[in-house]
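As the structure is a prediction and not an experimental result, all values here were calculated from the model.
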Amino acid sequence: MDDDPNEVFFLRHAFAGTAEDLEIRHADSGEAALAEIPRFNPDLVLLDLNMPGMDGHDVLGRIRRDEVMRGVPTLIFSSSESEEDVRRSYRAYANAYVVKPRSSEGYRDLADSINRFWYETARL
């Protein structure tokens, strides 16, 4: 869930090159994400911290408190490299914290890593 259309474009393009056939959904606000997750029932959520309205930490907290959504693996996907943001995310039970890449190659590498771990190594 990311409010930046460029980030969404890069993510879609990067994941299109992975071996896994994924359906990617996008929400441009925290409120929209919380409405979409129960309807879509995703295998995995990439959640930006900086979104309009409700921020990513608030969204993560709501996901973890909701009986239907709490089991969805949620990865924080942020440009912030702040140790406090990382710690706060893990304290709120994020499954991982990933810093946004700075290049299209970085997005491809990230998509490959996420695909390998979450869809080949881990069991969802």
Side-chain angles (χ1 to χ4, degrees):
M1 310 301 172
D2 198 303
D3 64 314
D4 184 340
N6 291 324
E7 296 288 341
V8 175
F9 171 81
F10 288 130
L11 279 170
R12 285 184 188 278
H13 192 71
F15 276 102
T18 65
E20 187 68 32
D21 182 30
L22 300 173
E23 180 180 353
I24 297 175
R25 301 254 179 129
H26 166 251
D28 57 5
S29 71
E31 293 83 359
L34 290 170
E36 184 70 12
I37 292 169
R39 282 196 301 259
F40 179 52
N41 192 28
D43 291 333
L44 188 69
V45 170
L46 290 177
L47 180 62
D48 189 8
L49 290 181
N50 299 312
M51 294 188 296
M54 181 182 287
D55 75 10
H57 285 121
D58 293 334
V59 173
L60 178 60
R62 294 270 303 272
I63 288 171
R64 293 303 182 237
R65 287 189 302 273
D66 184 275
E67 192 172 316
V68 173
M69 295 186 287
R70 79 172 47 123
V72 177
T74 304
L75 285 63
I76 300 300
F77 180 66
S78 179
S79 57
S80 172
E81 296 185 48
S82 159
E83 287 298 317
E84 178 54 30
D85 282 338
V86 174
R87 281 193 297 273
R88 184 175 174 198
S89 297
Y90 282 119
R91 282 192 306 263
Y93 303 105
N95 295 94
Y97 190 102
V98 178
V99 176
K100 291 179 181 180
R102 301 189 195 287
S103 68
S104 58
E105 182 177 315
Y107 275 89
R108 284 190 300 273
D109 291 344
L110 175 65
D112 286 340
S113 294
I114 289 172
N115 184 57
R116 274 193 319 276
F117 182 77
W118 289 101
Y119 293 100
E120 294 175 13
T121 304
R123 296 293 172 241
L124 295 175

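Cluster membership for W118 and V98, using ILVMFWY side-chain heavy atoms within less than 4.5 angstrom, is shared. Criterion: ILVMFWY side-chain heavy atoms under 4.5 Å apart, direct or through other members. Under it, I63 and F40 are not part of a common hydrophobic cluster. A continuous path of ILVMFWY side-chain contacts below 4.5 Å connects L46 to F117, so both sit in one hydrophobic cluster.
Partners of R88 by side chain to side chain donor-acceptor pair (under 3.5 Å), not counting sequence neighbours, listed by chain and number: H57. In this view, S82 and S80, E84, D85 satisfy the side chain to side chain contact (heavy atoms under 4.5 Å, CB included) rule, not counting sequence neighbours. Residues that satisfy the side chain to side chain donor-acceptor pair (under 3.5 Å) test with R39, not counting sequence neighbours, are E36. With sequence neighbours excluded, the residues that form a ring-ring contact (aromatic ring centres under 6.0 Å, His included) with F10 are Y107. Shown here are the side chain to side chain donor-acceptor pair (under 3.5 Å) partners of E23, two or more places apart in sequence or in another chain: R25. Under the rule for a side chain to side chain donor-acceptor pair (under 3.5 Å), S78 has no partner lying at least two apart in sequence or in another chain. For A111, the side chain to side chain contact (heavy atoms under 4.5 Å, CB included) partners at least two apart in sequence or on another chain are A14, F15, T18.
Here the OG atom belonging to S89 is positioned 13.5 Å from the CZ atom belonging to F77, to the nearest 0.5 angstrom. Note that CG of L44 and CG of N115 are 10.0 Å apart. Values are rounded to the nearest 0.5 Å.
The two residues S29 and A32 have their closest heavy-atom pair at OG-N, 3.1 Å. Shortest non-hydrogen contact noted between P38 and L34 is CD-O, 3.0 Å. Shown here for V59 and G30, the closest heavy-atom pair between the two residues is CG2-CA, 3.4 Å.
Of the candidates V86, L49, N95, I76 forms a side-chain contact (heavy atoms from CB on, under 4.5 Å) with just one, namely L49.
For Y90, the OH atom sits in a packed shell: over 12 heavy atoms of surrounding residues, nucleotides or ligands are nearer than 6.0 Å.
Screening residues 55-82 for salt bridge (Lys or Arg N to Asp or Glu O under 4.0 Å), with sequence neighbours left out, gives E81-R102.
Contact check for M69 versus T74: no side-chain heavy atoms found under the 4.5 Å cut-off. With a 4.5 Å cut-off on side-chain heavy atoms, L11 and I24 do not count as touching.
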